[in-house]
Every structure is written in structure tokens, then in C-alpha cells.
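What follows is a single structure, written as C-alpha cells, with notes after it.
Source: prediction; values computed, not measured. Lettering of chains follows the sequences in order, A, B, ..., and the numbering in each one begins at 1.
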Amino acid sequence: MEYNFKEIEKKWQDKWYNEKSFKAIDFHPTKPKYYVLYEFYNISGNLHMGHLKGTIPADALARFKRFKGYNVLFPIGGDAFGLPAENAAIKTGIAPHDFVANGMKTVLDQSKRLGLSFDWDRTICTSDPEYYKWTQWIFLQLFNHGKAYKEKTKVNFCPHCKTVLSNEDSQGGKCDRCGNDVVQEVRWSWLLRMREYAEKLLGNIDRINMAENLKEAQRNWIGRSEGTQISFKIYNNKDENVGTLQIFTTCVETVYGITFVALAPENSLVDTLKPYITNWADVEEYRRKTALRSEFDRLSDQKDKTGAKLEGLYVVNPANGRKVPMFIADFVLAGYATGAVMAVPSHDQRDYEFAEKFNIPKIQVIEGDTSKAAVEKKEYLSKNSKMLNSAEFDGMPVREAKQKIADKLIEMGVAERKINYKMTDWAFNRQRYWGEPFPIVLCEHCGEVALDEKDLPLVLPRVKDYMPNEKGDSPLSKAKEWVECICPKCGRPARRETDTMPNWAGSSWYWLRYVDPHNDKALADFEKLKYWGSVDCYTGGTEHITRHVLYAFFWQNFLYEIGAVPTRDPFARKMGSGLILDSEGKKMSKSSANGVSPLEVIDKYGTDVARLHVHFLGGYEDNTPWTYDGINGITSFIDRVWSLQNIIKGDDISKEHIYELSILNKKLCDDYENLKLNTAISALMIFVKKIKEDGFITREELRQFLIFLNPLAPHITSEMYERVFNSEILDQTWPEYDEKNLVKSSVEIAVQVNSKIITKLNIDTSLSQQEVLDYVKQDEKIKQAISDKTIVKEIYVPNRIVNIIVK
RNA sequence: GCUGGUGUGGCGGAAUGGCAGACGCACGGGACUUAAAAUCCCGAGGUGGCAACACCGUGUGGGUUCGACUCCCACCACCAGCACCA
């Protein structure tokens, strides 16, 4: 009889769903816990091929671990706030609430069709007030612990959409929604003190099991750098001290080579020094011009250095008393360190270019050829060159001078050792409707006032107009009844904060909620959090992985410190799934309309085939081009599996198959654990090939094989198990194997003379090294090859190779 | 530019320092069939040879080793992330 995948797959999917087959049990009395997490679905439409690639290995791991006797938590939920629902609302007028409700239903139904073994009772959605109550609660804690503050900062703003955008939504200086140019504006912003957590985040990164390139990207984002901060006294043209300039440097060894200093044009110190600047008009003009250029423009022409001299001012280099001119220049970033640099044109490419343009002298302080370009730190440090023109440090190796010069400046009281980070505090508000409202009241008398916990959730009011107004105020500002309120502190009329939280908020703690998704007393019960602990394996795409994981680390650290959760590390292991590319090797996306839907594949070939095919194409972390090529091979494999029930002969494991079955068992344990599904599938195919060759399979062999294949192809294996064994495959445990069965009784080895293969011989695996060597030397071809030569060395790698070295 | 990763047949891709190319696709040949599809069997890295066989082969060039896709050094190409971070 033929395998009818449509009927059979539906039967099992309904059964699993209705019987809650994959329910995770809190505090299971006997089984150890295992927490498998797949990233939130972004609620925007249908599942795509990336989901098939990303979810199946997690599902296979979850199913495998259940057989292995674990109490597995494998939940799913939706990230529903943000752009997709809001855009749909603006375009069609559908309330985002409805868009999300439909969207959730769609992705959950489709997940069911992928045969995913989620615990459906724990499904959560970020835009559900029961969920965002706790997102708001976390914000309240941050605010009450001084980790959230409001400040005027520069933000990306799209004049067309009239909304603020994150850096990510405005890459390349273009608005991600409409493609128009983004401008920078100063606005009131909510910020979270993430920078304070830099060292703790680096600790999280060290402890997590994650691919090295992903870890590197995160360290790079944090951008830790060790150096020295030096104070330079500022003088006016009457040689009066009028201020101090703090400058951070990682190259303190070049301090004798400073020939100018440069400040970011936006640096507020420039305003303070205005009375002493004799060419203020020029300075103001330059500041105005740079302010007009977008950040993108400034970054794009790195070659052309511009700036303006601050006439009437100079600073004194504390190392040698040299008077040094001051500039403002847009190559200096206002946001990093003190927003000022000490410039050493001989040893820094940017300083070199600037000095060339403004005819500033160069003082070489480290040996090397500086005739055409600067000798950079990397070069002189790796060669460990010697110092020049640096007073008592002349002739000293750079490495040593680096320490000694810093020591000297510190002793003089003009410097301190310092660590800087590129990572800034997290800008946490958007002028958008579809996000979590801040639980904050703005009172003229009391400032920003937190709501009381008992007033949470602060529910997002229904509105009709989802667009920000002309000034770019949040759409919520139009919801008068909601906005106008009473200050909880002084009782006078006040207004609510009308900005909402960014899309990242809800996804920065959701793994904690799965542990106890319906709790209305706490974000999750502490004892349950303790039981489930860190996520054992967290899977998902790599697209936003750097920031998402850092935000997750940040919040978990904070929650740990205030005693809300029992662990500092949210995830023990994070796997980043590769992309499914189109046939031209480009990313599959909805916008480029080249996507093949996983549902389309499932309709045509069935879920089991689709699951196997996608993962036979390549490894979990690799990008693999999509193709239907090869899917026939998978279909025929599934058909061959189905036909195994026709050739059952015997009960126990046969001596003919004990080796193959044991090897397969071991291989699959490794591969499921490491999400290496492509080689797992290959091993399963090899086994079926062997069975087909021999023409029979025993009942126990088939029983074990079905369990082995079940994590990958759960439907067909469940059906066959029921038919042949009249019981539920999910109630079975993973079969044990005996180590001694991993070795065949005889094996073919290659025999080499002088590393060249002469012949291949079958040997008994119980033979000792000497017995093998003796046996091999009786072979005619080997005899010939070593005749009238002396044996210098004999090598035997058990069950693999013999190599006889002769002279 | 910096950082990380990857380079293996016609294609997707396998290989704890030990017989490179597992497994699969596509391909060629055969069986079954009136025929085709499906299925089953056989073949296959390249070059030369009827053949046994020989030589060459894991981006390039060197090195370590009895032995290197695997380890080390240099270089090239591609992919990803970051990018005036002082």
C-alpha cells in the first residue's frame, strides 16, 4: 500500500495538538529538565523557508531529548509590536490588534503543519497586555533603580514618515520604510544604562557556547579599549589658563609626537571657550556645515579631512610643555570617549591626512619610514620598534615605553588609566503607536513619575490615526483622554509619556515568561525559574543576533541583580542558523519575491519530506541555496522506509545488523545533539540501504530505526510504529547500544609501503598489532614491495592502515 | 581598512592527522514495459590506455610528518559583520 502523507500527517498533527503531547511539566519528579528555545516569530505574515531551516533542528533536538528521558520545554511565541502590524494599519486601516491576532493564528497553524512539537499552552505574544504588563514592570524596575533616564540626544528622524528610527532602521542614511534620506535631530529620549553593564556582558559572552564569529561581532559592538586619559590645560592668547581638555588615547607612547588636538564640532567645550576664540565666525560656519551633513555623508568620505582652527587658543602637552594648536574636525566623533583626540600625524593615518591638508608639522617618535604615510600602532608594536624624540624614553622599546610614559604622566597627576566602550546607552523610545506604553507620567512639578506596580498593565488605547503628527510627535499624543491624567505623586493634572518602547523590548526577556506564562503576580515564579534555569539550546537566525543577545544579557543581568531571576546567564548555548538562499545565491526575502513557501513544499511532498530535504541540503549554520533538486531522493527514501514493514522477519536484533544499528545509534546521538541533521540523514539512508540489500529487517531493528528517524520525520515513524507495534512511539525511550558492537569482527585495511598504498586486506579486528603486521607481511604484493630492503619503521593504526617504511 | 568565517567532482555536500569525494542530485548503461513514468541493478574525480594499470588531484606557494582537506607560515578569492572608536 502506498504512503498517503496528506492523510497521515494531518492525523498526527491533530493528535499531538489535541492531546497536548508535548506539554512540559514544571518540577518533574524524576526527569531532568532540558530547555530548547526557538526565537520569537516576527508577526508579519506567513512562515518562510528560513523558519523551516531554523525550527526543525530545534524540534529534532527536543524530540531526541524527550526519548533520552528529559523533561523538555520547547515553547513558541510571537513578537508582535513594531513595523509590520503598524504599516498594515497605516495602509489598510486594520487595527494592529486584529492584524496581530490573525498573524498569530496563521503562524501557529503553519507551525502545526511543520510538525513542530511545541508546548502550545505556553504560547505568548508581546502585544498581549498580560505579557507587556511585565515588560512595563521591568521598565519600572529599571527606572526605579536609576537605570532608565530621559535626556536630549541626537536621533535619526525620517521627515517623510515623521518618525524616529533606530540606527538599524536607517542604515546607509536611508529610511527603511520609505527609502528617503534620514536626518538627525535633537529630541528628548529615554535611555537605558547599558554601558554600565559592558564588563558583565563580556562575561556572558565568554561563558556562552556560541560560534566564534558571533562572539566577535558582539565584542566588537561593545568595543572595549584600554588606554590612558590625559588632561591638557587650555590657554587663551594672553597665556591665561581658561580650561582643561580631557583626551583618551590608547597610544600614550606617542605623546611626544602631538602636534595638534582636535575636538568634535559638537563638543560643548567649544561653546564654553567661545569668548576666547578670535575667529568665531569661521568656527560657527564650520559647525553649521557639519551639522547639515548627515552622519552617513560624514562617514562616507573618510579620505577628505575637513576642520577649522580655534584661533586664540592652545593647549600645553603635559609631557614636554609644548604649545599645541586646537581644531574642530568632523573626523572626531562626539559620542566616543571625551569627543576629542590628541593628534600624532606621524603615527596615525587620520592625523596624517589632516596634518597634510592644514600644513601641520609632524614629529616622528617611533622609528620607521614615515615619508609617505604614518607608521601605525599595529606595525610598530608588532616589530617592537624603538622610541625617538621622546626625551628620556629615546631608544627604549615601544612596549616598555608605553608603560613608563603612562606611569610618568600619572605620577605628574595629569593622567589616569581608563577603559572606554564604543557601546552607548540604549535609546529606548519611539514615536510610534504600536509598542508598549511607558508606565510613566510627565508632571510639570514632579518630573517623570513612575506608575505604581498595581496600575500595570498600562493598556495601549485604541486610536483611529496611526500616523505621528507634523512635528513627529507620537500618534498617542492625539489620544487626549488617555494622555491627560493625574500625577500619582502630587495629584495635579499631568500627561502620560506618549512615546512607546522599541520593538526590542518585548524580546529581551521572553524566555523567562515561557517558564510561567500565565503568572499575574510576577514575571515568572522564582522556583519555576530556578527549575528551568538557563536555556540549554537557543536557536534562530543570525540577522539581529548581535544586538538581541546583548539586550537579553543586559536585562537578565539586571533582573538577576534585583533578585527577580536566579541566574545571570539567559542562554547556555546559542546556535545561529544559516540562510536559505535563492538559486542565484541571494537571500530569500518577501520583498524580492523570490521566496518559495515551505507550505508549498509541504503540500506537494509532505512535511516529513520537506523537513528532511531542507536539512539534507547543508549544515545548520551554513547558508544553503534552495533547490528542488534532490527532493526526489528524499521522497524515495521515505517510500523505502514505508516499505520496510513489508520485509519484517524475526524478532530480536540480528547478528547481520547489530553493527550497523549500533553505529547508527551512536552517530545520531552526536548529530542530534549538535544539530548536524545532514549527516544524520545520510547515516539513516546508509542503514536503509543495508537493510534493503539484505532483504529483511527484524521487529526490534525496525522498532529502533523508527525511534532514530522520528526526530526528523515524526509523522511517518509515528504511523508505522502504531501499525507494526500497536503502541505510541512517543512513549518509547531511546534504545541503548553496547560499545562492543561498534566494532566489526573483520575489517578491510589499507596496507602501505613507504606511504604508498600497495594493497587492501581483510583483517580480524581481534588481532594484536604484531599479529596484523606479521599477517600483512605474508601478502605476495607486500612481500614483493619490501623484498631486499630493510624495514625501518612499522606503523599500525588499528582497523585503518598499516604503513611499512623500508630503505 | 579591521575582525571572523569559508575555499573539496557537473551540483548540494562528507571525512577524531590514516584508503579524499560518504550520502544524495543530475548523468551514462542495463532489467522490467508495446512505450513512457515509477521501480530495481550497475558505472562514474581528471588525464592516458582495449585492459591490467600509471600519473595528477581538496584555492596558490612553502613547511612539519611515515602519512596533511585536516597542523604551521605566506599569499589569493569569496561570504558575513564592523567601519574616521582616538
Side-chain angles (χ1 to χ4, degrees), chain A residues 211-221 223-225 227-229 247-252 254 261-262 264 298-305 329-333 335-344 348-351 353-354 376-378 420-424 542-543 545-546 576 578-579 581 585 612-613 616-619 621-637 639-640 643 676 678-686 688-689 692-693 748-757 759-760 792-806:
Chain A
E212 199 47 44
N213 59 335
L214 301 178
K215 287 193 172 199
E216 238 0 83
Q218 297 190 335
R219 292 197 185 100
N220 189 35
W221 183 274
R224 181 185 199 273
S225 77
T228 311
Q229 188 157 310
I247 292 179
F248 174 76
T249 180
T250 53
C251 304
V252 69
T254 61
V261 296
R298 276 171 67 172
L299 294 178
S300 64
D301 51 23
Q302 297 182 10
K303 296 273 153 52
D304 188 29
K305 293 282 178 291
D330 70 0
F331 78 87
V332 183
L333 305 175
Y336 183 71
T338 63
V341 299
M342 56 173 238
V344 184
D348 182 283
Q349 194 54 37
R350 295 154 305 178
D351 300 351
E353 285 159 12
F354 194 88
E376 297 260 17
K377 184 185 181 188
K378 252 194 105 153
N420 259 302
Y421 304 95
K422 275 196 258 180
M423 185 175 69
T424 54
T542 54
E543 203 174 357
I545 197 167
T546 302
L579 299 169
L581 308 170
L612 288 165
H613 178 58
F616 196 51
L617 286 175
E621 293 180 311
D622 302 327
N623 296 332
T624 38
W626 167 259
T627 172
Y628 275 109
D629 289 352
I631 200 163
N632 291 338
I634 300 294
T635 304
S636 103
F637 170 68
D639 288 344
R640 284 154 67 95
S643 73
K676 288 170 73 173
N678 53 340
T679 49
I681 295 165
S682 153
L684 288 156
M685 285 173 165
I686 291 168
V688 171
K689 203 176 185 178
K692 284 288 196 174
E693 260 169 36
E748 189 190 63
I749 62 162
V751 186
Q752 303 180 324
V753 173
N754 285 346
S755 307
K756 207 172 143 183
I757 293 167
T759 187
K760 292 173 187 186
V792 191
K793 196 173 179 182
E794 292 168 327
I795 294 145
Y796 174 52
V797 180
N799 304 336
R800 287 191 185 273
I801 207 162
V802 166
N803 192 3
I804 301 170
I805 311 301
V806 295

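With a glycosidic angle more than 90° from 0, B:G13 adopts the anti conformation.
Donor-acceptor pairing under 3.5 Å is lacking for the side chains of A:K377 and A:T254. Side-chain atoms of A:N220 and A:K422 form a donor-acceptor pair, as typed in the model, at a separation below 3.5 Å.
Residues A:V332 and A:A264 approach most closely at O-CB, 3.4 Å, considering heavy atoms. Smallest separation of non-hydrogen atoms from A:L214 and A:T542: CD2-CG2, 4.3 Å. For the pair A:Y336 and A:Y421, the tightest heavy-atom approach, listed with the atom from each and the gap, is CE1-O, 3.6 Å. Minimum heavy-atom separation, A:T250 to A:S225: CG2-OG, 3.9 Å. The minimum heavy-atom distance between A:A211 and A:E621, with the atom names listed, is CB-OE2, 4.1 Å. Closest heavy-atom contact between A:L617 and A:P625: CD1-O, 3.9 Å.
Counting heavy atoms from C-beta outward, A:W626 and A:H613 have side chains that approach closer than 4.5 Å. Between A:M685 and A:I634, the closest side-chain pair of non-hydrogen atoms falls below 4.5 Å. Side-chain contact check for A:N754 versus A:I805: some heavy-atom pair is nearer than 4.5 Å. Proximity of A:T624 to A:F616: side-chain heavy atoms (C-beta onward) are nowhere separated by under 4.5 Å.
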Sort me out a list of protein N/O and nucleotides 39-42 of chain B N/O pairs below 3.5 Å, or just none if empty.
unit_1, atom_1, unit_2, atom_2, d
B:C40, OP1, A:R640, NH1, 3.1

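Evaluation of the salt bridge (charged side-chain N to carboxylate O under 4.0 Å, His left out) rule for A:D348 yields A:R350 as partners, not counting sequence neighbours. Applying the salt bridge (charged side-chain N to carboxylate O under 4.0 Å, His left out) rule to A:R800 yields no partners; only residues at least two apart in sequence or on another chain are considered.
Looking at heavy-atom distances under 4.0 Å, A:K756 makes contact with sugar-phosphate atoms alone, never a base. Using a 4.0 Å heavy-atom cutoff across all strands shown, A:T338 reaches no nucleic acid atom at all. Contacts of A:K215 with the nucleic acid, taken as non-hydrogen atoms under 4.0 Å apart, are absent.
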Exercise for review: List the protein contact pattern of nucleotides 12-21 of chain B with one symbol per nucleotide (5' to 3'): B for base contact, S for sugar-phosphate-only contact, - for none; contact means a heavy-atom distance under 4.0 Å.
Suggested key: BSSSB-BB--

Exercise for review: Produce a footprint string for nucleotides 2-9 of chain B: one letter per nucleotide, 5' end first; B if the base is under 4.0 Å from any protein heavy atom, S if only the sugar-phosphate is, - if neither.
Suggested key: SSS-----

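Atom name P, nucleotides B:G81 and B:C73: the rounded distance is 27 Å, in whole Å. B:C84 and B:C75: their C1' atoms are spaced 29 Å apart (whole Å). Here, B:G24 and B:C82 have their C1' atoms 38 Å apart, quoted to the whole Å. Distance noted for atom P between B:A54 and B:G9: 24 Å (whole Å). When the P atom is used for both B:A68 and B:U60, the distance is 15 Å, rounded to whole Å. Rounded to a whole angstrom, the distance from the P atom of B:A77 to that of B:A26 is 36 Å.
A donor and an acceptor atom never sit less than 3.5 Å apart when one is taken from the side chain of A:K689 and the other from the base of B:C23.
Both A:C251 and A:I634 lie near RNA chain B, and the one whose nearest nucleotide falls closer to the 5' end is A:I634. Along RNA chain B, the nucleotide closest to A:A340 and the one closest to A:D629 are compared, and the more 5′ of them pairs with A:D629.
Here the side chain of A:A337 is nearest to one of B:G81, B:A86, B:C84, namely B:A86.
For RNA chain B, if you chain together Watson-Crick or G-U pairs that step i with j, i+1 with j-1 and so on, the runs of at least three with distances under 3.5 Å are B:1-7 with B:76-82, B:10-12 with B:23-25, B:27-31 with B:39-43, B:45-48 with B:53-56, B:59-63 with B:71-75.
Ionic pairing of A:R219 and A:E216 is present here: one or more N-O contacts between side-chain nitrogen and carboxylate oxygen are shorter than 4.0 angstrom.
For the pair A:I681 CD1 and B:A22 C1', the interatomic distance rounds to 14 Å; values are reported in whole Å.
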